[in-house]
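Here is the structure we will look at.
First the proteins, then the strands, lettered A, B, ... as listed; each starts at 1.
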Protein chains: 4
Amino acid sequence: MPRFQEKRELSINKLVEVALRLFASKGYEATSIRNIAGEAGMSLGLLYNYFKSKDELLEEIFRRSVEDIHASFVQSPEVGGSGIEQHIRQTVKLLKEKKDFWKLLHGIRIQSEVVRQLMAEMQEQTAYIEDRIRQNLIVAGIPFPDLEAKLLFASIDGMASHFLLYDNYPIDDVASLLIMKYKK
Amino acid sequence: MPRFQEKRELSINKLVEVALRLFASKGYEATSIRNIAGEAGMSLGLLYNYFKSKDELLEEIFRRSVEDIHASFVQSPEVGGSGIEQHIRQTVKLLKEKKDFWKLLHGIRIQSEVVRQLMAEMQEQTAYIEDRIRQNLIVAGIPFPDLEAKLLFASIDGMASHFLLYDNYPIDDVASLLIMKYKK
Amino acid sequence: MPRFQEKRELSINKLVEVALRLFASKGYEATSIRNIAGEAGMSLGLLYNYFKSKDELLEEIFRRSVEDIHASFVQSPEVGGSGIEQHIRQTVKLLKEKKDFWKLLHGIRIQSEVVRQLMAEMQEQTAYIEDRIRQNLIVAGIPFPDLEAKLLFASIDGMASHFLLYDNYPIDDVASLLIMKYKK
Amino acid sequence: MPRFQEKRELSINKLVEVALRLFASKGYEATSIRNIAGEAGMSLGLLYNYFKSKDELLEEIFRRSVEDIHASFVQSPEVGGSGIEQHIRQTVKLLKEKKDFWKLLHGIRIQSEVVRQLMAEMQEQTAYIEDRIRQNLIVAGIPFPDLEAKLLFASIDGMASHFLLYDNYPIDDVASLLIMKYKK
DNA sequence: AATGAATGAGACTTCATTCAT
DNA sequence: TATGAATGAAGTCTCATTCAT
């Protein structure tokens, strides 16, 4: 019965979507399973048919989001320019597209009690991103690429934080300015 | 009876110190009042003699920390160099000195909810800092000081995040590199 | 699934019944939620599935009781005699049938605080009853019906209090005597 | 040192007065010892120097009030008229003078968990009052004095309840009407 | 006499999770 | 698949009371 499979996926997608939204706006701890099931229009029991625990739901959110982001970074660039420019533009694009996930991530990454495991996996992603940045800096012939990579990564991350934090943050302008610094 | 006052302040200081440490490491929501009182070596009831609620304890932590930080920024600089250099060095110094508070802040600022009030007050501090940065950029004769201020603020914030996030983060080196970019 | 509805109603009815009994005998404040759940043979958590708070449970008790009483007063009289006689007899009948509710009401009505809202609604009922009494007095051609209504209402209320207060209170005899005073 | 004695009595009087006011307005259970000490302008410890417990404070309130009321009933009448008239007028007078105590009493007498002992003592007073009423009825030559006493007592009690319950209750008028019924 | 620090039990309430249907 | 009844631990907070000073 493919119908069952369909419904199953529909429900799971709905749950992931709702949970991400709530985790992003209220925080992981402050969001209750009841709240999620309610907003998703389904019962507590059904939620537990799909996810063994609240943690597992969080993990699934991370899995999906990280996968999407990774794919987006790896695949042929959707934005033009040099390597660095592409990287920054791509990051900004993803920030806008997946604002809720970034909010969740930024809100959870420092106090990772529940999510130590997830964070370990994230670390890999982080290292990968920093490495990409370094590669691009090397290509651009910038000196001290290791340290520069750390700085650029931090700058991008800070920009992201402020975008998530403040309304009407002119992220495109700030990004452009940042890109300019690495031109020539 | 100054003895009461003494004991009172001792208890309050201990509570604020312990709560800050726990909030920083486990997060505000995940830290229980019982946990705080226990680590502070006192009973639940005593905590509530001094703080009407968990929120109020958090507020007191913020009040004290923000006050310290503000004072530290305003007073005669303890680190040398140009305006921008001073600002960055001072920030790094404070980051190291008040690591727990920054952890708490970075872990709480995105999903406010409980702390919308506090965040509103923080906003003022934030605006003040961004303005200081802009002033320094103007003095240094840097074009687009508004946008540059946003970028520099973001870079510093991102650097701080990574310092809080990763062990052995070479913040002094990254800071030096950042300072260099605004020299000459 | 009517099964859920059934169970739900069963639990709610049980809770309302037990809570009324306990509130009546020990008072609202002195009765704990744990006590209620325990006597009702269910867990604390289940109670909170049905009632958001202790107050709401009290409100439900009031809602149901007031509704019953109102219905009983409005519907065709189950006791004979003149208007006044009917009113008094009906009151006595209800007193016996809903002794617990009257106990709760008499024990709570003076120090409202929690139940100011409920009391405001009760006031309407009270006014309605006093008005009914006045109508009956007018029909019976008794002078000063306004004041007489207040007095008769007070007498009935006092009789009720003493019935609730003292064991073996001869309420039927006292009621008969009271009725006699308004005959002829 | 009579000064100590003086201060002691002053403090005790203040506590009794404040506690009575708070018990009357919020109820016994809902009033905290802290609240009482605070409103009386003294420390928790001092309160416990004078009263071993919250119960004992309540007992003292009852002792004093009952004594006052008893004295007032027993002593030469301050209001004129026949026995019944005197009794009713005197009751109304006391109601006005000791409104808080009556509120407390009416709010506590039905659910007497804490105060079973006190209520037993009150019962004596009650019996005494009912007996006085009966004596007066006998003197007035009214038939069925036993039952009439119960009814009149209930009427007076109900009047009192309504006076305590409703603002601007015309108790004097209602009392006059009640008195009239027993004239001739 | 007088203070208020200190305690711990217990109050109300929420929550993640399990289970019978 | 789907429901929501049911649980019990744990959370925040209040309270009467004791005690050192």
Looking across every strand, which nucleic acid part, if any, lies under 4.0 Å from B:Ser43 by heavy atom: base, sugar-phosphate, or nothing?
base

Would you mind classifying the nucleic acid contact of B:Ile33 as base, sugar-phosphate or nothing, using non-hydrogen atoms under 4.0 angstrom?
sugar-phosphate

Where does DNA chain F form stems of at least three consecutive Watson-Crick or G-U wobble pairs, each pair having both distances below 3.5 Å?
E:2-21 with F:2-21

Does D:Ser11 make a side-chain N or O approach to OP1 or OP2 of E:dA1 shorter than 4.0 Å?
no

Nearest-Å distance for atom pair CG/P, residues D:Asn35 and F:dT17:
15 Å

In chain order, what residues pass the side chain to side chain donor-acceptor pair (under 3.5 Å) check against A:Gln125, with sequence neighbours excluded?
A:His70

Residue closer to the 5' end of DNA chain E, D:Gly41 versus B:Leu46 (nearest nucleotide)
D:Gly41

Identify each donor-acceptor pair in which a side-chain atom of residues 37-52 of chain A lies under 3.5 Å from a protein atom, sequence neighbours left out, and give them as a table.
unit_1  : atom_1 : unit_2  : atom_2 : d
A:Glu39 : OE1    : A:Arg21 : NH1    : 3.3
A:Ser43 : OG     : A:Leu46 : N      : 3.2
A:Lys52 : NZ     : A:Glu56 : OE2    : 3.4

If you take all heavy atoms of C:Thr31 and C:Leu22, which pair is closest and at what distance?
OG1-O, 3.3 Å

Less than 6.0 angstrom from the centroid, inside 45 degrees of the normal: does B:Lys54 satisfy that with respect to the ring of B:Tyr28?
yes

Kindly point out which of F:dT17, E:dA5, F:dT7 is positioned nearest to the side chain of B:Arg8?
E:dA5

Does the base of F:dA2 carry an N or O that pairs as donor and acceptor with the side chain of A:Asn49 under 3.5 Å?
yes

Residues in side chain to side chain donor-acceptor pair (under 3.5 Å) with C:Gln123, at least two apart?
none

Among F:dT17, E:dT13, F:dT3, which nucleotide sits nearest the side chain of D:Lys54?
F:dT17

List the residues meeting side chain to side chain donor-acceptor pair (under 3.5 Å) with A:Glu9, not counting sequence neighbours, and say none if there are none.
none

For the pair made of CD1 in C:Ile36 and P in E:dA11, what is the distance, rounded to whole Å?
11 Å

Taken to the nearest whole Å, CZ/C:Phe51 to C1'/F:dA5 is 14 Å

Distances under 3.5 Å only, N/O to N/O: pair up the protein atoms with those of nucleotides 18-21 of chain E.
none

B:Arg34 atom CZ is separated from F:dT14 atom P, nearest whole Å, by 14 Å

Rounded to the Å, how far apart are C:Lys26 NZ and E:dA11 C1'?
12 Å

Is there a side-chain contact between A:Ser161 and B:Arg109 in this structure, where contact means two heavy atoms from C-beta onward sitting under 4.5 Å apart?
yes

Side chain to side chain donor-acceptor pair (under 3.5 Å) partners of C:Glu121, counting only residues at least two apart:
none

Rounded to whole angstrom units, what separation is found between the CE atom of C:Met42 and the P atom of F:dT7?
8 Å

Are any of C:Tyr50's side-chain N or O atoms less than 4.0 Å away from OP1 or OP2 of F:dG4?
no

How many Å lie between CG on D:Leu47 and P on F:dC15, as a whole number?
15 Å

Can you give the donor-acceptor pairs under 3.5 Å from side chains of residues 57-65 of chain C to other protein atoms, not counting sequence neighbours?
unit_1  : atom_1 : unit_2  : atom_2 : d
C:Glu60 : OE1    : C:Arg63 : NH1    : 2.5
C:Glu60 : OE2    : C:Arg64 : NE     : 2.8
C:Arg64 : NH1    : C:Asn13 : OD1    : 2.8
C:Arg64 : NH2    : C:Asn13 : OD1    : 3.3
C:Ser65 : OG     : C:Ile61 : O      : 3.0

Starting at CD of A:Glu29 and ending at P of E:dA16, how long is that distance when rounded to a whole Å?
9 Å

Taking F:dA2, F:dC13, E:dA6 as options, the one with an atom nearest any side-chain atom of B:Ser53 is F:dC13

Test of understanding: with side chain to side chain contact (heavy atoms under 4.5 Å, CB included), list the residues that count as partners of A:Lys98, not counting sequence neighbours.
A:Asp68, A:Ile69, A:Phe101, A:Trp102

